[in-house]
2 protein chains.
Amino acid sequence: MHSKELLKGTLQMIILKLLADEGKMYGYEITQKVKELSDGQMVLTEGALYPTLHKLEAEGLLITEKVSMGKRIRKYYRLTETGQSSVLKKVDEFTDFISMMSRVLQIKPAL
Amino acid sequence: MHSKELLKGTLQMIILKLLADEGKMYGYEITQKVKELSDGQMVLTEGALYPTLHKLEAEGLLITEKVSMGKRIRKYYRLTETGQSSVLKKVDEFTDFISMMSRVLQIKPAL
DNA sequence: TTTAATACATTAGAGTCTTATGTATTAGAC
DNA sequence: GTCTAATACATAAGACTCTAATGTATTAAA
């Protein structure tokens, strides 16, 4: 399945939505959760994930907290208030996008 | 609504699906049909449309037919057999994408 | 007669992702 | 005990797709 192009523009929303549901997560945990929820269909690459996390942090949607697990460091991410309102907006936009696409393609996707 | 990033990767499919439904169309007609079906929400720009049409033609999914309307020339596009089977595959991939995203985001979009 | 719509097209640049590469720790298999 | 896979972070070059800008030309309508 090379529907990878369809994933463009969804990564920010996925990260934000997962954090909204889970409270706080670290990068690697996000990749595993996405893999689990999609039954292995969707695999986030680090080259996409980390730059996106850093960007969302720089934009003030996320804040970080470093936690030492022995010698290994985990960087937990959490939504800011701005981030919380942003999730709602992005998910709404996505459902609007789906219904628009269904109309343009003239299909009725069964969920 | 800046959900424009979500549109990435959907243009080829939209063009192919419209041609599958309509038989043959010319570029400008496609932009108008998309605008109509999406109630003005989706506007194809020429910079995206024409390169994509040319690419699909080069890949053998479309064939063209030039028709003179007085002094103006219209270039009609039509699916090849390869194009026809490609549409089915791409639309299937899109519905799979939607159901996968619904699971990952843990939402139930109402259509 | 001038503006908007029709109709084609190209190009520079932006944004997002993939692929490749790098470092280091920890758990488990043999 | 040692090697491999999994865990955990990160950056960088390049590909791909789109936007915004620009260009040419015809036709309909105000």
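Chain A is the first sequence line, chain B the second, and so forth, proteins listed ahead of strands; every chain is numbered from 1. In what follows, every heavy atom counts, from backbone to side chain, and hydrogens, waters and symmetry copies are set aside.
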Atom-to-atom span, CZ of Arg74(A) to C1' of dA24(C) - whole angstrom = 15 Å
ask   = Is the shortest side-chain N/O distance from Thr45(B) to OP1 or OP2 of dA20(D) below 4.0 Å?
value = no
inquiry  = In this structure, how many angstroms lie between the P atom of dT16(C) and the CG atom of Leu7(B), rounded?
reply    = 13 Å
query = Does the side chain of Tyr76(A) come under 3.5 Å of the side chain of Arg74(A) through a donor N or O and an acceptor N or O?
reply = yes
note = Residues Thr80(B) and Gly60(B): closest non-hydrogen pair is OG1-O, 2.6 Å
Tyr26(A) side-chain N/O to dC9(D) phosphate OP1/OP2 under 4.0 Å = no
task = Return the value, rounded to whole Å, for the distance between atom CG of Leu49(A) and atom P of dA8(D).
result = 13 Å
inquiry  = Tell me the interatomic distance from Lys35(A), atom NZ, to dA8(D), atom P, rounded to whole angstroms.
reply    = 12 Å
query = Quick one: NE2 on His54(B) to CG on Leu62(B), what's the gap to the nearest 0.5 Å?
reply = 10.5 Å
request  = Take the protein atom CD1 of Ile15(B) and the nucleotide atom C1' of dT17(D), then report the distance between them rounded to whole Å.
outcome  = 12 Å
inquiry  = Heavy-atom nearest nucleotide on DNA chain C for Val43(A) versus Lys71(A): which residue maps closer to 5'?
reply    = Val43(A)
ask   = Whole Å only: how far is the NZ atom of Lys90(A) from the P atom of dT16(C)?
value = 9 Å
task = Determine the contact category for Gly47(B): base if any of its heavy atoms lies under 4.0 Å from a base atom, sugar-phosphate if only primed atoms, P, OP1 or OP2 are that close, otherwise nothing.
result = base
ask   = Can you check whether Tyr50(A) has a side-chain N or O nearer than 4.0 Å to OP1 or OP2 of dA10(D)?
value = no
inquiry  = Does Lys75(A), at its NZ atom, have more than 12 non-hydrogen atoms belonging to other residues, nucleotides or ligands within less than 6.0 Å?
reply    = yes
ask   = Has Lys55(B) got a side-chain N or O lying under 4.0 Å from the OP1 or OP2 atom of dT17(D)?
value = yes
Nucleotide of dA9(C), dA14(C), dA8(D) approaching Arg72(A) most closely (side-chain heavy atoms) = dA8(D)
inquiry  = Quick check: closest heavy atoms across Leu105(B) and Lys17(A), and the distance to 0.1 Å?
reply    = O-NZ, 2.8 Å
Candidate nucleotides dC18(D), dT19(C), dT16(C), ranked by approach to the side chain of Ala48(B) - the nearest = dC18(D)
ask   = Taking for each residue the nucleotide of DNA chain C with the nearest heavy atom, is it Gln32(B) or Leu53(B) whose nucleotide lies nearer the 5' end?
value = Gln32(B)
ask   = Between Ile30(A) (CD1) and dC9(D) (C1'), how many Å, whole number?
value = 13 Å
message = Using whole Å, what does the distance between atom C1' of nucleotide dT10(C) and atom CD of Glu46(B) come to?
response = 11 Å
query = Can a side chain N or O of His54(B) be found less than 4.0 Å away from OP1 or OP2 on dT10(C)?
reply = yes
remark   = Closest to the 5' end of DNA chain D, once Pro51(A) and Leu11(B) are matched to their nearest nucleotides, is Pro51(A)
Check: Thr10(A) and Leu6(B) side chains under 4.5 Å, non-hydrogen atoms = yes
message = Whether Lys8(A) contacts dT18(C) is assessed here as follows: a side-chain N or O lying under 4.0 Å from the phosphate OP1 or OP2. Is that the case?
response = no
inquiry  = Side-chain N or O of Lys75(B) versus OP1/OP2 of dA9(C): is the shortest distance under 4.0 Å?
reply    = yes
